[in-house]
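Counting starts at 1 for both ligands and their atoms, in listed order.
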Amino acid sequence: MFTIGCHLSASDGFLSMAQTTVAIGGNTFQYFSRNPRGSKARALDRDDIDRFNAFAEENGIYKILCHAPYTMNACSANPGLRDLAKEMMAEDLARLSYIPGAMYNFHPGSHTGQGTETGIDEIADVLNSVLSEDIKTPVLLETMAGKGSEIGGTFEELARIIEKTDLSHKLGVCLDTCHINDGGYDIVNDLDGVLEEFDRVIGLAKLYAVHLNDSMNPLGAHKDRHQKIGDGTLGTDTVKNIINHKKLRDLPFFLETPNELDGYAKEISLLKSLRYED
Ligand code: FE
Ligand code: FE
Ligand code: ZN
């Protein structure tokens with residue numbers, strides 16, 4: 001089963017995102033839990049969620065991914081901002097409890113001068129304060145490009161966050177193909193080797209989702225600029241290898257490419273044509 005979708009605007013609600021997904025040929029989607037650059041969440045509309053859950057079940061939409069806002073920084077040197085990260089994450093996860101099968105993804109954060117090791121401790125502290133046994137939604141750490149003081153640009157950094165989190169069985173990883181290219185992992189020439197390294201450092205059992213993006217920048221650029229599928233450093237052949245790889249093909253793939261809906265529909269149809277049959 002090929003699970004494919006794209007990032008959608010959440011402004012019209014869950015049922016609308018599911019209907020859009022069907023219209024563009026997808027069977028999953030990603031959305032921001034709240035304004036990506038702000039912090040306030042929309043009011044929870046239980047009727048919309050009930051209608052969404054019924055529609056999703058009927059139409060085979062599943063494994064949707066909720067993305068935390070970019071402004072959430074679990075390793076700011078400012079303790080008030082770390083507390084805000086705890087509040088936002090706890091509130092987002094409480095809302096996701098109404099959507100069976102959903103997952104939650106966040107950027108580990110950027111330290112603001114305290115260094116990577118302290119940053120990792122602070123991220124684990126946020127997770128330790130938010131996670132509890134009754135939270136059923138997997139919480140995914142996104143692989144980052146290693147831009148500036150970003151944490152999560154190497155598999156080792158993500159592994160250390162996971163190790164320091166008490167309820168680490170609640171955590172997973174979302175692999176962003178643009179970010180890991182920019183982080184220096186050569187998935188163009190050695191996808192097998194990169195996945196072996198992921199397995200050795202983090203464990204492939206922790207890999208829950210893929211952000212499928214081409215990159216505007218060369219290997220190891222530490223930039224993070226997404227490109228349309230086939231138009232960047234990765235190219236169509238690499239993307240084809242990724243969506244068909246035996247260690248990846250059963251994961252949900254989310255496009256975050258610079259597109260409007262018609263562009264996403266075209267990319268989804270291209271990806272379906274590149275996908276080998278199950
Ligand atoms: Fe992201
Ligand atoms: Fe991403
Ligand atoms: Zn990115």
Side-chain angles (χ1 to χ4, degrees), residues 3-10 26 28-39 63-75 85 88-89 92-93 96 102-110 123 126-127 137-155 157-158 161 171-185 187 194 198 202 206-229 231-234 238-239 242-243 248 251-259 263-264 267-268 271:
T3 311
I4 178 76
C6 67
H7 187 90
L8 294 175
S9 160
T28 192
F29 61 88
Q30 174 180 268
Y31 67 100
F32 282 122
S33 61
R34 50 189 84 213
N35 183 328
R37 314 218 169 265
S39 67
K63 292 184 177 172
I64 70 167
L65 187 56
C66 173
H67 196 308
Y70 296 146
T71 47
M72 191 177 96
N73 189 1
C75 57
M88 283 199 263
M89 195 182 285
D92 287 348
L93 288 169
L96 284 166
M103 302 184 289
Y104 185 64
N105 173 70
F106 76 107
H107 295 181
S110 294
I123 296 160
V126 167
L127 290 166
T137 306
V139 175
L140 312 188
L141 299 155
E142 182 166 350
T143 60
M144 302 309 295
K147 190 171 78 181
S149 62
E150 230 167 41
I151 292 177
T154 65
F155 298 158
E157 289 175 6
L158 296 178
I161 297 167
L171 296 178
V173 171
C174 174
L175 188 93
D176 187 307
T177 56
C178 166
H179 296 177
I180 65 169
N181 170 78
D182 290 19
Y185 293 97
I187 53 177
V194 171
F198 186 99
I202 299 176
K206 281 271 177 243
L207 186 52
Y208 282 46
V210 176
H211 281 167
L212 192 60
N213 304 306
D214 213 322
S215 172
M216 289 189 185
N217 288 291
L219 178 70
H222 302 296
K223 289 275 205 240
D224 189 3
R225 297 277 309 282
H226 301 188
Q227 180 55 290
K228 293 186 170 110
I229 297 300
D231 288 354
T233 312
L234 302 188
T238 297
V239 169
I242 290 166
I243 60 171
L248 302 176
L251 299 171
F253 294 92
F254 302 90
L255 294 162
E256 301 175 309
T257 45
N259 275 304
Y264 277 134
E267 283 191 348
I268 289 171
L271 292 163

Item to check | the Zn ion (ligand 3) reached by C178 (N, O or S, under 2.8 Å) | outcome: no
Checklist outcome for this item: Given a cut-off of 2.8 Å, the protein N, O or S atoms lying below it from the Fe ion (ligand 1) are H67 NE2, H107 NE2, E142 OE1
Checklist entry - Under a 4.5 Å cut-off applied to non-hydrogen side-chain atoms, are M89 and L127 in contact? => result yes
Checklist entry - Counting N and O atoms only, with roles assigned by atom type, does the side chain of T143 sit under 3.5 Å from a partner on the main chain of I180, one being a donor and the other an acceptor? => result no
Next on the checklist: Can you confirm whether C6 sits close enough to F254 that some side-chain heavy atom of one is under 4.5 Å from a side-chain heavy atom of the other?
Outcome noted: no
Checklist entry - Do you know the tightest heavy-atom contact between L255 and L212? => result CD2-O, 3.4 Å
Checklist outcome for this item: For D224, the N, O or S atom at the shortest distance from the Zn ion (ligand 3) is OD1
Checklist entry - Is the distance between the Zn ion (ligand 3) and the nearest N/O/S atom of H226 smaller than 2.8 Å? => result yes
Checklist entry - Would you say the side-chain atoms of H7 and E256 include a donor-acceptor pair closer than 3.5 Å? => result no
Checklist entry - Under 3.5 Å, is there a donor-acceptor pair linking the side chains of D224 and H226? => result yes
Next on the checklist: Under a plain distance cut-off of 3.5 Å, with no hydrogens placed, do H222 and E150 share a side-chain donor-acceptor pair?
Outcome noted: no
